[in-house]
2 protein chains.
Amino acid sequence: MSPKRLHLITTAFALFYQKGVHAVGINEILAESGVAKKTLYHHFGSKDELVLAVLEYRDVCFRNWLQSRLEAAPVGIEKIDALFDALDDWFNDRVDVLLPFHGCFFINVSGEYSELEHPLHQQCACHKQLVVELIRKQVESFVADCEAVARLTNALSLLKEGAITVAYVQGDRTAAVKAKETARMLVAAL
Amino acid sequence: MSPKRLHLITTAFALFYQKGVHAVGINEILAESGVAKKTLYHHFGSKDELVLAVLEYRDVCFRNWLQSRLEAAPVGIEKIDALFDALDDWFNDRVDVLLPFHGCFFINVSGEYSELEHPLHQQCACHKQLVVELIRKQVESFVADCEAVARLTNALSLLKEGAITVAYVQGDRTAAVKAKETARMLVAAL
DNA sequence: CTGGTGGTAGACCGACCTGTCTACTTTTGT
DNA sequence: ACAAAAGTAGACAGGTCGGTCTACCACCAG
């Protein structure tokens with residue numbers, strides 16, 4: 001990958017994540033990155049294509065980070081703690097690679113492209129699905145029953161999304177801790 | 001309230017909710033509503049003021065609807081079923097007053113005004129807090145212990161937000177049902 | 001040494017943005 | 001009855017939008 005291309009993507013991501021996609025113009029990305037307009041349109045056919053590339057980039061960053069956090073935990077219900085501990089670090093800006101917390105980029109972008117059929121919304125949906133799979137794989141490592149795996153994966157995904165929303169919209173940085181408590185009550189019930 | 005003012009608010013809400021705030025211009029709202037530009041700027045000092053009024057309007061609509069749904073349920077854990085049944089109706093477009101589902105308007109707007117200090121973001125945070133209080137009041141109707149009320153309210157709020165996100169971003173209209181199942185597992189544990 | 005690739009700087013295009021303004025009409029309260 | 005308030009249509013201003021284009025430069029492989 002061309003370094004200029006990567007630089008455009010990282011700069012665009014930082015701006016989009018902070019201000020929203022529609023609120024950031026091409027010219028602002030160019031000024032911030034110091035790249036020429038022609039170069040941008042050499043790498044990306046349109047702003048939407050750039051946004052798509054940014055989504056793909058963030059997807060890789062985020063899932064790599066989360067996966068490594070989950071895999072670092074010992075097999076068992078500690079995986080659940082690891083999930084919400086990771087979220088807690090994210091919400092409280094202790095994860096450099098994710099940049100300062102401004103909610104979930106994919107939820108934010110979905111809000112700006114609300115038709116499910118829109119390619120950018122679909123990319124967001126795809127990311128969320130991949131994260132669910134990631135969680136499911138961890139759950140499978142310590143739950144045998146197939147039904148129970150599905151139920152716990154569902155529950156953890158819902159709590160995760162809820163925690164992100166509460167942390168972001170209400171600015172409650174303790175949301176991950178609360179979600180962790182809820183998850184523990186849940187596993188105690190199984 | 002002037003009928004023109006209300007008409008502007010409802011028209012603006014429909015457009016903002018469908019396309020996002022930044023994606024909808026003043027002129028589009030005027031064309032759709034058939035109101036003159038001067039009239040809009042007579043009632044609202046700026047676009048941001050209109051957005052604020054729209055947030056207040058949606059807040060009232062949404063909480064009135066939810067409150068009536070929750071109060072209609074018999075006291076007890078049926079209140080929990082009522083919460084997620086209401087969400088299910090919302091997600092599947094069976095609630096006319098809420099308009100076709102495009103996620104939570106307040107989450108979407110927060111995504112476009114990401115600084116917590118921004119008045120529009122604060123309005124969104126305020127709405128979420130009021131909904132939490134609404135849920136808490138219902139929980140208090142059938143849970144005595146103060147600690148337990150707080151825990152259950154937290155859990156239900158997280159599941160509610162998670163369900164909204166999953167329903168919207170992934171287009172999973174069954175999210176409320178899944179959240180309801182999770183909530184039931186939770187209360188079974190208490 | 002030459003042609004392709006990737007790059008820079010920035011003028012330019014038509015469209016659209018928020019917001020102001022003039023000039024005129026309708027409605028309403030006293 | 002009459003003035004104030006609320007409404008209409010729409011031109012206009014200054015700026016930004018995404019995107020195209022010209023003209024030029026630096027590098028490197030055949």
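Here the structure is a predicted model, which is why all the values come from computation and not from measurement. A note on names: the letters A, B, ... follow the listed sequences, proteins ahead of strands, and every chain is numbered from 1.
- Between the CG atom of A:L8 and the P atom of D:dG18 there is a distance of 14 Å, rounded to whole Å.
- The distance from atom OH of B:Y57 to atom SG of B:C61, rounded to the nearest 0.5 Å, is 4.0 Å.
- Atom CD1 of B:I26 is separated from atom C1' of D:dT16 by 16 Å (rounded to the nearest Å).
- In this structure, B:W90 and B:F101 have perpendicular ring planes: the angle between them is above 60°, well past the 30° mark.
- Taking every side-chain heavy atom of B:A36 into account, D:dT8 is the closest of D:dG18, D:dT8, C:dT8.
- Two residues, B:V35 and A:V24, neighbour DNA chain D, and the one matched to the more 5' nucleotide by heavy-atom proximity is B:V35.
- Taking atom CG of A:L50 as the reference point, atom P of D:dC17 lies 14 Å away to the nearest angstrom.
- Going from atom CG of B:L30 over to atom C1' of C:dT20 covers 14 Å, rounded to whole Å.
- Counting only distance, with no hydrogens or angles, the side chain of A:T182 and the backbone of A:K178 share a donor-acceptor pair below 3.5 Å.
- Remark: P of C:dG6 and CG of A:L40 are 15 Å apart, rounded to the nearest angstrom.
- Taking the nucleotide of DNA chain D with the nearest heavy atom to each of A:G45 and A:A23, the more 5' of the two is matched to A:A23.
- To the nearest angstrom, C1' of D:dA5 lies 10 Å from NE2 of B:H43.
- Side chain A:K37 to base D:dG19: a donor-acceptor pair is found below 3.5 Å.
- With distances taken from any side-chain atom of B:T39 to the nucleotides C:dG10, C:dT18, D:dT8, the minimum falls on D:dT8.
- At distances below 3.5 Å, at least one donor-acceptor pair connects side-chain atoms of A:K79 with backbone N or O atoms of A:A73.
- Ranking D:dG18, C:dG10, C:dG19 by closeness to the A:N27 side chain, first place goes to D:dG18.
- If you measure from atom NZ of B:K38 to atom P of C:dT26, you get 18 Å, rounded to the nearest angstrom.
- Checked by distance alone, A:K4 brings no side-chain donor or acceptor within 3.5 Å of a matching partner on the base of C:dG6.
- Between the CD atom of A:E28 and the P atom of C:dC17 there is a distance of 19 Å, given to the nearest Å.
- Distance from the side chain of B:K47 is smallest for C:dG19 among the nucleotides D:dG10, C:dG19, C:dG6.
- Ring geometry for B:F105 versus B:F16: interplanar angle under 30°, hence parallel rather than tilted (30 to 60°).
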